[in-house]
Amino acid sequence: EKLVIHLKAVAIQLFLQNSFEDGAILLRMAKLDHVAADYLLDHDQLEFGLKFIRACIYNKDEKNALLLKLGSKFYEKGLKDRAMRVFAACGQWHLALWILKSTGRIPDSFFIKKYLVYRGLLRPISPELQKSFPDILPLIDLIAQIDIDFAEFATNAGVSPQSMKTLLG
């Protein structure tokens, strides 16, 4: 117990001195992986944090919570493509689709949405998360808008009405 407290104290000092790798290693030795990942994210060590989370966090729920935090950090920094990939990795498909649609990736958002609906993987974000992303469309509206955008995109690309029925059906 005392050793863990000492390792954590030293690790925090290392983080404060920008020795993030050393601090994370000490926290890992103390079996404080979640604490290490949180410190990395809180100190904007996002790429290192991503590697650490993928390599050292084994509990699925814990990993998904940390990835959600990481994706939110990427999004806040304007790194929408990185955020979208991290949201997808932690199963936050509503957020991932919203980013795809809002960045103009119409075919991607349509076909990924179609697959997610088919597999039953698409769920709305929680009300708590909605507060962090106030501009996001509700899931049902997002799905409808993706279909509308894709229909317009495909029509402009010369896709026949019969093919459109097949794609949208």
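These numbers come from the heavy atoms of this one structure, side chains and all, not from hydrogens, waters or symmetry mates.
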Working for side-chain contact (heavy atoms from CB on, under 4.5 Å), residues Arg54 and Leu50: CA-CA 6 Å; Arg54 285 184 172 164; Leu50 176 59; 3.7 Å; yes

Report whether [X] and [Y] are members of the same hydrophobic cluster (ILVMFWY, side-chain heavy atoms less than 4.5 Å apart, transitive linking).
X: Leu26; Y: Leu3; result: yes
X: Leu121; Y: Phe111; result: yes
X: Ile112; Y: Ile148; result: no
X: Ile25; Y: Ile12; result: no
X: Leu32; Y: Leu41; result: no

Please step through side-chain contact (heavy atoms from CB on, under 4.5 Å) for the pair Lys63 and Leu66, ending with a clear verdict. CA-CA 5 Å; Lys63 182 178 276 193; Leu66 287 165; 5.9 Å; no

Does the side chain of [Y] come within less than 4.5 Å of [X]'s, by heavy atoms?
X: Ile143; Y: Asp147; value: yes
X: Leu79; Y: Met84; value: no
X: Lys77; Y: Leu46; value: yes
X: Ile146; Y: Leu100; value: no
X: Tyr75; Y: Val86; value: no
X: Ser72; Y: Phe133; value: yes
X: Thr103; Y: Asp81; value: no
X: Glu47; Y: Phe74; value: yes

May I have the step-by-step check of side-chain contact (heavy atoms from CB on, under 4.5 Å) for Leu129 and Leu68, ending in yes or no? CA-CA 10 Å; Leu129 195 52; Leu68 177 60; 3.9 Å; yes

Answer yes if the side chains of Asp149 and Gln145 hold a donor-acceptor pair under 3.5 Å, and no otherwise.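 Distance-only check passes for Asp149 and Gln145.
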
Would you kindly say whether Ser160 and Ser163 are connected by a side-chain donor-acceptor distance under 3.5 Å? yes

Rounded to the nearest 0.5 Å, what's the gap from [atom1] on [X] to [atom2] on [Y]? Could you check?
X: Leu70; Y: Arg82; atom1: CG; atom2: CZ; answer: 7.5 Å
X: Trp98; Y: Ile136; atom1: CH2; atom2: CD1; answer: 5.5 Å
X: Ser126; Y: Gln92; atom1: OG; atom2: CD; answer: 7.0 Å
X: Asp135; Y: Gln130; atom1: CG; atom2: CD; answer: 9.5 Å
X: Lys80; Y: Phe87; atom1: NZ; atom2: CZ; answer: 11.0 Å
X: Leu137; Y: Lys101; atom1: CG; atom2: NZ; answer: 6.5 Å

In this structure, is the centre-to-centre distance between the rings of [Y] and [X] below 6.0 Å?
X: Phe20; Y: Tyr39; result: no
X: Trp93; Y: Tyr115; result: no
X: Phe153; Y: Phe110; result: no

Is there a salt bridge (Lys or Arg N to Asp or Glu O under 4.0 Å) between Lys69 and Asp42 once you walk through the steps? CA-CA 10 Å; Lys69 181 177 179 178; Asp42 290 344; 2.9 Å; yes

I need the minimum non-hydrogen distance between [X] and [Y], along with the two atoms involved.
X: Ala37; Y: Ile53; answer: CB-CG1, 3.9 Å
X: Leu27; Y: Ala36; answer: CD1-CA, 3.5 Å
X: Ala30; Y: Leu7; answer: CB-CD1, 3.9 Å
X: Phe15; Y: Gly23; answer: CE1-C, 3.6 Å
X: Leu97; Y: Ser109; answer: CD2-O, 3.4 Å
X: His94; Y: Leu139; answer: CE1-N, 3.4 Å

Is it true that atom CD1 of Ile140 has more than 12 heavy atoms of other residues, nucleotides or ligands lying nearer than 6.0 Å? no

Salt bridge check: are Asp108 and Lys113 linked by an N-O gap of less than 4.0 Å? no

With a 3.5 Å distance limit and no angle check, can you tell me whether Arg123 reaches the backbone of Gly120 through a side-chain donor-acceptor pair? yes

